[in-house]
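Down below is the structure, laid out as structure tokens.
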Amino acid sequence: MPKTIVFLADSVPGKKRKKGYVPWTAEEKEAVFQHLGKFIKEKKRLPGKADCARYIEKSKGVLARRDWSAVKYCVMNIIKRADSLKDKN
């Protein structure tokens with residue numbers, strides 16, 4: 001008798017699992033500006049993994065549900081948005 005292999009929907013090889021979008025709260029955005037504002041102001045480089053992880057810990061639980069890459073991309077999007085608004089004016 002041949003063995004039957006059953007793949008669960010989340011464990012199918014070669015398929016990436018999509019993460020749902022979780023909107024940023026005003027408290028989370030404020031914490032990002034407060035702790036990572038220097039990166040936003042200088043606009044030359046993005047925070048690294050160590051920077052993001054350190055500020056997630058310093059945020060006193062506000063950014064606890066965010067991982068370091070989400071924080072990094074939030075900073076990147078803020079910088080891009082500011083540049084695009086600057087170009088329009």
Side-chain angles (χ1 to χ4, degrees):
M1 244 182 163
K3 291 185 178 181
T4 306
I5 299 174
V6 177
F7 290 109
L8 298 176
D10 292 341
S11 65
V12 176
K15 291 228 177 188
K16 288 188 178 182
R17 187 173 169 195
K18 289 187 179 182
K19 293 183 180 180
Y21 177 74
V22 180
W24 287 74
T25 64
E27 287 178 332
E28 288 174 328
K29 288 181 184 180
E30 186 177 325
V32 168
F33 277 107
Q34 182 180 4
H35 295 293
L36 298 169
K38 67 179 183 180
F39 293 100
I40 295 168
K41 288 177 187 173
E42 87 181 24
K43 294 183 183 182
K44 291 185 181 177
R45 69 181 188 97
L46 293 174
K49 181 177 182 177
D51 296 321
C52 294
R54 183 178 15 200
Y55 292 119
I56 288 171
E57 289 175 14
K58 283 186 179 182
S59 70
K60 300 175 185 171
V62 176
L63 297 173
R65 67 182 185 153
R66 304 291 179 174
D67 64 341
W68 70 272
S69 61
V71 174
K72 178 179 180 171
Y73 287 117
C74 178
V75 172
M76 181 182 71
N77 290 333
I78 291 169
I79 292 170
K80 279 186 178 180
R81 191 176 323 121
D83 286 343
S84 69
L85 290 175
K86 184 177 136 184
D87 291 341
K88 287 183 181 181
N89 291 330

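Rounded to the nearest 0.5 Å, atoms CE (M76) and CZ (R45) are 15.5 Å apart. With values rounded to the nearest 0.5 angstrom, S59 atom OG is found 10.5 Å from E27 atom CD. To the nearest 0.5 Å, atom NE2 of residue H35 and atom CG of residue D51 are 13.0 Å apart.
Taking both residues in full, the closest heavy atoms of S84 and R81 are given as OG-O, 2.9 Å, listed atom of the first, atom of the second, then distance. Nearest heavy-atom pair, T25 versus R65, reported as atom, atom and distance to 0.1 Å: CG2-NH2, 3.8 Å.
Residue L63 is tested with Y55, W68, W24 for a side chain to side chain contact (heavy atoms under 4.5 Å, CB included); the sole match is W24.
In this structure, the side chains of I79 and F39 stay at 4.5 Å or more apart for every pair of heavy atoms. In this structure, the side chains of P47 and V71 stay at 4.5 Å or more apart for every pair of heavy atoms. A 4.5 Å side-chain heavy-atom check between I78 and K29 finds every atom pair outside the cut-off.
A 6.0 Å sphere centred on NZ of K43 holds more than 12 heavy atoms belonging to other residues, nucleotides or ligands.
Between K80 and D83, none of the side-chain N atoms (NZ, or NE/NH1/NH2) sits under 4.0 Å from a carboxylate O, so this pair counts as no salt bridge.
Formation of a donor-acceptor pair under 3.5 Å by the N77 side chain with backbone atoms of C74 is not found in this model.
No chain of hydrophobic side-chain contacts below 4.5 Å, direct or via other Ile, Leu, Val, Met, Phe, Trp or Tyr residues, connects F33 to V62.
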